[in-house]
Each structure stands twice: as C-alpha cells, then as structure tokens.
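Structure record follows, encoded as structure tokens.
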Amino acid sequence: MSTIVLDREYFINVFRDMLPFVDEQAEHLQQLDSEIGDGDHGINLTIGFREVTKQLDTINEEAADISTVFKKIGMILLGKVGGSSGPLYGSFFMKAGKDVTGKDEVTFDEFCGMLINGIEAIQLRGKAEIGDKTMIDAFLPGVDVLKQDKPEDPIEKFTAFVEAMKEGAESTIPLVAKKGRAMRLGERAVGHKDPGAESAWMMMEVFLKRLKEAAYA
Ligand SMILES: [Mg+2]
C-alpha cells in the first residue's frame, strides 16, 4: 500500500486542470442545466475557474500554506460563480482548508478530512438532504466511502469515492427537486440529472487524475 503525501504542487496542479476540464464539460453541464434550470451551470463554472487560473500563480507565491490556497480559491468561486453553485463550491473549498493551517503537504487521510469538511460546509450552507436532487446526492455517498477504513489503498479509495459520487449523481434522475430552481418544475424535473451533482463528481475526478500521478510518480 502506498502512503501518498500530497504537497502544494499537487493541489496547484489540480486547480490548474480545472479550467480545461470545465471548458470541456461546459456544454454537457449547460445542457443538463437547461433541462431543469436556467442553463448557465457550465458557463458559471468556466467564469469561476478562468479567474482561478488567472490568479493561481500569485496565490501560489503568496499563500503561506495549503489552507490559504484553498481559502483563496473558494473566495474567488464565491465571488465569480453565479447561481447557487457559486456559494456552494465557494464554501466547499474555503472550508476544505480549515484544518490544514500551516501545512505545505498533507497525508492522504488529511486530504480525505479536507473533503469531508468541505462537503459538510455545502450541507450547512445549502441545507439539502439526500433525495432533494442536488449535489448533496452525489457528495454524501462519497463521504460514506471516505469515512470507511477500506479500501486502504489511496487510489482504490479515491476511485471508489468518485464512483459513489457518480452513482449518486445518477440517482438524481428519477427525483423531483426539493431545492433550487428545479423545484418549481415539480414532476417535470423527473428524468433529468441534477447538473450540480454531475459537476461535483466530475470535479473530484480531476483530483483523482492527479492523485494517480502523485501515487505512481
Ligand atoms: Mg443555473
């Protein structure tokens, strides 16, 4: 079993990957959001991560630790991403950094803790529960995986985490929305996947890709 230590460079690389990733997925997310929302989820994320990319070198130079990197990224998303996903993803990244003050590298377990903190912040902010047809339907099954002892291997565990989130996103398809704009559609939201749940697992896959590089380096 590999014990992975994730340094600042890992996280900076992940954040650098986010813009090409959202650019690539923008149309897909846009499509999902136009079915049950206002069709701006893809472009909102693109705008947010474009700004992240613009500021990333400065953030990397000036931030004292990984905690600050996450806080700065979260603040950018909070300010730049429109719709409900801005405050939610903003809170996610801001709170993900809260327990790693002073650290320039974290263990894989600490990283899992960061994600759990971030997801708790989303729940606190959005007040959504499982079955409300939101990104929480993707995130909470993921948290269950992160909190389990097994698999011990970081790559296996994170892969299972992303898989659980992906399945969680799929689980939103038959649901009536109880939060967000899609709520107004009532039964008409049935048959459509929640765009926030979709972008949530996809974003975690960006972390996974770089994690594999870090593990097999
Ligand atoms: Mg929208």
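Along the sequence shown, residues are numbered consecutively beginning with 1. Atoms within each ligand, like the ligands themselves, are counted from 1 in listed order. All values derive from a computational prediction rather than experimental measurement.
- When you scan the N, O or S atoms of Asp40 for the one nearest the Mg ion (ligand 1), you land on OD1.
- By the 30° and 60° cut-offs, the orientation of the rings of Tyr10 relative to Phe207 is tilted.
- Within the 6.0 Å centre-distance limit, the rings of Phe92 and Phe139 are counted as a close aromatic pair.
- For Asp33, the N/O/S atom at the shortest distance from the Mg ion (ligand 1) is named OD2.
- The atom name of the N/O/S atom in Asp38 closest to the Mg ion (ligand 1) is OD1.
- In summary, of the residues considered (His192, Gln30, Arg188), a side chain to side chain donor-acceptor pair (under 3.5 Å) with Glu35 occurs for His192 alone.
- Note: Phe93 and Tyr89 have tilted aromatic rings, judged against thresholds of 30 and 60 degrees for the angle between ring planes.
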